[in-house]
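Labels below follow one simple rule: chain letters A, B, ... track the order of the sequence lines, proteins then strands, and each chain is numbered from 1. Keep in mind the model is a prediction, meaning the values are calculated, not measured.
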2 protein chains.
Amino acid sequence: MIQIVIAEDQRILRGALGTLLDFEEDFKVVGEAENGEKALEIINRLQPDICLLDIEMPIMSGLEVAARLYEIGASTKVIILTTFARPGYFERAIKAKVHGYLLKDGSIHDLAAAIRNVMKGKREFAAELIMNSYHEDNPLSEREREVLQLAANGKTGKEIGAELYLSAGTVRNYMSEILQKVEAKNKVEAIAICREKGWL
Amino acid sequence: MIQIVIAEDQRILRGALGTLLDFEEDFKVVGEAENGEKALEIINRLQPDICLLDIEMPIMSGLEVAARLYEIGASTKVIILTTFARPGYFERAIKAKVHGYLLKDGSIHDLAAAIRNVMKGKREFAAELIMNSYHEDNPLSEREREVLQLAANGKTGKEIGAELYLSAGTVRNYMSEILQKVEAKNKVEAIAICREKGWL
DNA sequence: CATTTCAAATGACATTTGTCACCCCTTTCC
DNA sequence: GGAAAGGGGTGACAAATGTCATTTGAAATG
C-alpha cells in the first residue's frame with residue numbers, strides 16, 4: 001500500500017485528488033495540507049511513501065518544502081504537481097532532488113501511473129519541462145534572491161537590512177547588482193522580470 | 001437527473017471534478033471543455049441543466065461565456081467556479097445573471113449541494129464575496145489604477161507620464177495619493193497590496 | 001605562503017520617489 | 001453668479017534608491 005500526503009491550497013482540487021487517489025486499491029491518502037508549513041509537519045509525523053506538493057502555497061512554497069525535506073534526508077519521495085512549467089521552478093526542484101515534477105494538465109490516470117513509477121525508483125518529469133529547460137540560468141545568488149524577495153513585499157532597504165543583518169548600504173549594493181544582472185532599470189521591473197522567469 | 005457541463009482549463013481538476021460529480025446518483029456529467037469557446041459550443045449543442053465555468057481560460061473567459069449565454073437567453077444555469085474572489089469579476093458575473101459564484105476552496109460536497117440548490121431555483125454565492133465586495137471597495141480612481149498598473153510593469157514616473165500624456169510631476173502626485181489610499185509606504189508595497197485585493 | 005575570490009561595508013554622488021502647498025481650468029450645483 | 005469639487009500642473013524639499021570606487025577580512029586556490 002503506497003501512503004500518500006497531498007499538499008495543495010485549492011481545497012476543491014485537494015479534496016478531489018484525495019478522494020480519487022484513495023479509490024486506487026494500492027494507494028492510501030494518509031494526510032492533506034493546505035500550506036507548506038503544515039505539509040512539512042504532517043510528512044515528518046507520518047513518514048508517507050510519497051508526497052504531492054503544489055508550488056504556490058501560502059506560508060511556505062512547495063519548493064521550500066522539497067528543499068527542506070532534502071536537507072533533513074527524509075525518506076519520503078517528493079512529486080511536485082503544479083500549473084507552472086517555469087524553468088526556474090524546475091531548476092530549483094531538481095536541486096532539491098525531487099522524484100517527479102508533473103503539470104496539472106495531465107490526467108489523474110497519468111498521475112497515478114507516475115506515482116507507481118516513482119515508487120519503483122524511477123523519476124517522472126512532464127515532457128513540456130524538458131523542452132522548455134533551455135533554462136536561462138538564474139543569475140541571482142542566494143543572498144540576492146532573498147533581498148529581492150523581501151523588496152517584493154514592499155520592504156524598504158533599511159527594513160531588509162534589519163531582517164538579514166546587513167547594513168542598508170549593502171542591501172543597496174545587492175539591489176544594484178540585481179538590476180544589472182536582470183537588466184532592469186529599477187526595483188519594480190526587476191521584481192516583474194524575476195517573477196516571470198520563476199527566479200523569485 | 002441533472003445534466004452538467006464542466007469548463008475548466010486545468011485538466012487534472014476538470015477530470016477529477018467530472019469523475020466525482022458523476023458519482024452522485026442524481027448528476028450526469030455530459031460534457032467537458034478546456035476553454036471558453038468550446039464550452040459555448042458544447043452548451044449550445046447539449047443544452048445541459050447546469051454549466052460550471054472557470055473564469056481564467058484560454059481563448060474566451062468564463063465571464064465572457066456567461067455574458068454570451070445570457071445574451072442569447074440560454075436555459076442552462078451558469079455557476080462560476082474560480083480561485084478569485086475579485087470584486088471586479090463578481091460584478092461582471094452578477095451582470096451576466098449567473099446562478100452561482102463559488103470559490104475553488106470550498107469542498108466538493110459544498111459544490112454538489114450548491115448545484116442542487118441552483119436547480120431548485122436558488123442562487124448560490126460564496127460568503128467571502130459578499131464580504132469583500134461591500135467592505136473592500138476599490139478606493140482607486142480609474143486614472144490611479146492606470147498609473148499603478150504601468151508602475152507595476154517597472155515603468156518609471158517619466159515613462160508613465162509619456163504614456164498617459166501627463167507630466168512626471170502629476171504621476172508622482174497620483175502615486176502619492178495611491179500610497180495614502182492603500183496605506184502603503186512605497187510603490188512596491190502598493191503594488192503588492194493591490195494585486196492581493198484584486199484592485200489591479 | 002601568496003593570490004584570488006568573495007561577502008560585506010563605507011562614503012560620495014546623482015536620480016528618483018514621496019510629500020506638500022498652491023495654481024489653473026472646467027464642471028457642477030445651490 | 002459664486003462656491004465647491006475635481007482633474008491636471010508646478011516647484012520645493014526630504015528621503016529613498018541606484019551607481020561606483022574602494023576597503024576589509026575571511027575563505028579558497030594555487
In whole angstrom, give the distance that lies between atom [atom1] of [X] and atom [atom2] of [N].
X        : N      : atom1 : atom2 : answer
B:Asn186 : C:dT19 : CG    : C1'   : 14 Å
A:Glu189 : D:dT17 : CD    : P     : 17 Å
A:Leu140 : C:dA7  : CG    : C1'   : 16 Å
B:Tyr165 : D:dG9  : OH    : P     : 13 Å

Do B:Asp105 and A:Gln10 get their side chains close enough for a donor-acceptor pair, meaning under 3.5 Å?
no

Any chance the side chains of B:Asp49 and B:Gln3 put a donor and an acceptor closer than 3.5 Å?
no

What are the residues of residues 169-185 of chain A, sorted by number, that bring a heavy atom to within less than 4.0 Å of DNA chain C?
A:Gly169, A:Thr170, A:Arg172, A:Asn173, A:Tyr174

Output the residues of residues 147-162 of chain B in contact with DNA chain C, where contact means a heavy atom of the residue under 4.0 Å from an atom of the strand; sort by number or write none.
B:Thr156, B:Gly157

State plainly whether the residues [X] and [Y] are in salt-bridge range, i.e. N to O under 4.0 Å.
X        : Y        : answer
A:Glu32  : A:Lys38  : no
B:Glu177 : B:Arg143 : no
B:Glu8   : B:Lys104 : yes

When you measure from the centre of the six-membered ring of A:Tyr174, is the NZ or CZ of A:Arg145 closer than 6.0 Å and no more than 45° off the axis?
no

Let's go through A:Ile72 and A:Asn44 carefully: what are the C-alpha distance in whole Å and the side-chain angles of both, what is the deciding distance for side-chain contact (heavy atoms from CB on, under 4.5 Å) to 0.1 Å, and is it a yes or a no?
CA-CA 10 Å; A:Ile72 61 180; A:Asn44 277 328; 3.6 Å; yes

Is any side-chain N or O of A:Arg143 closer than 4.0 Å to OP1 or OP2 of C:dC6?
no

Test of ring centre spacing under 6.0 Å for B:Tyr89 and B:Tyr101:
no

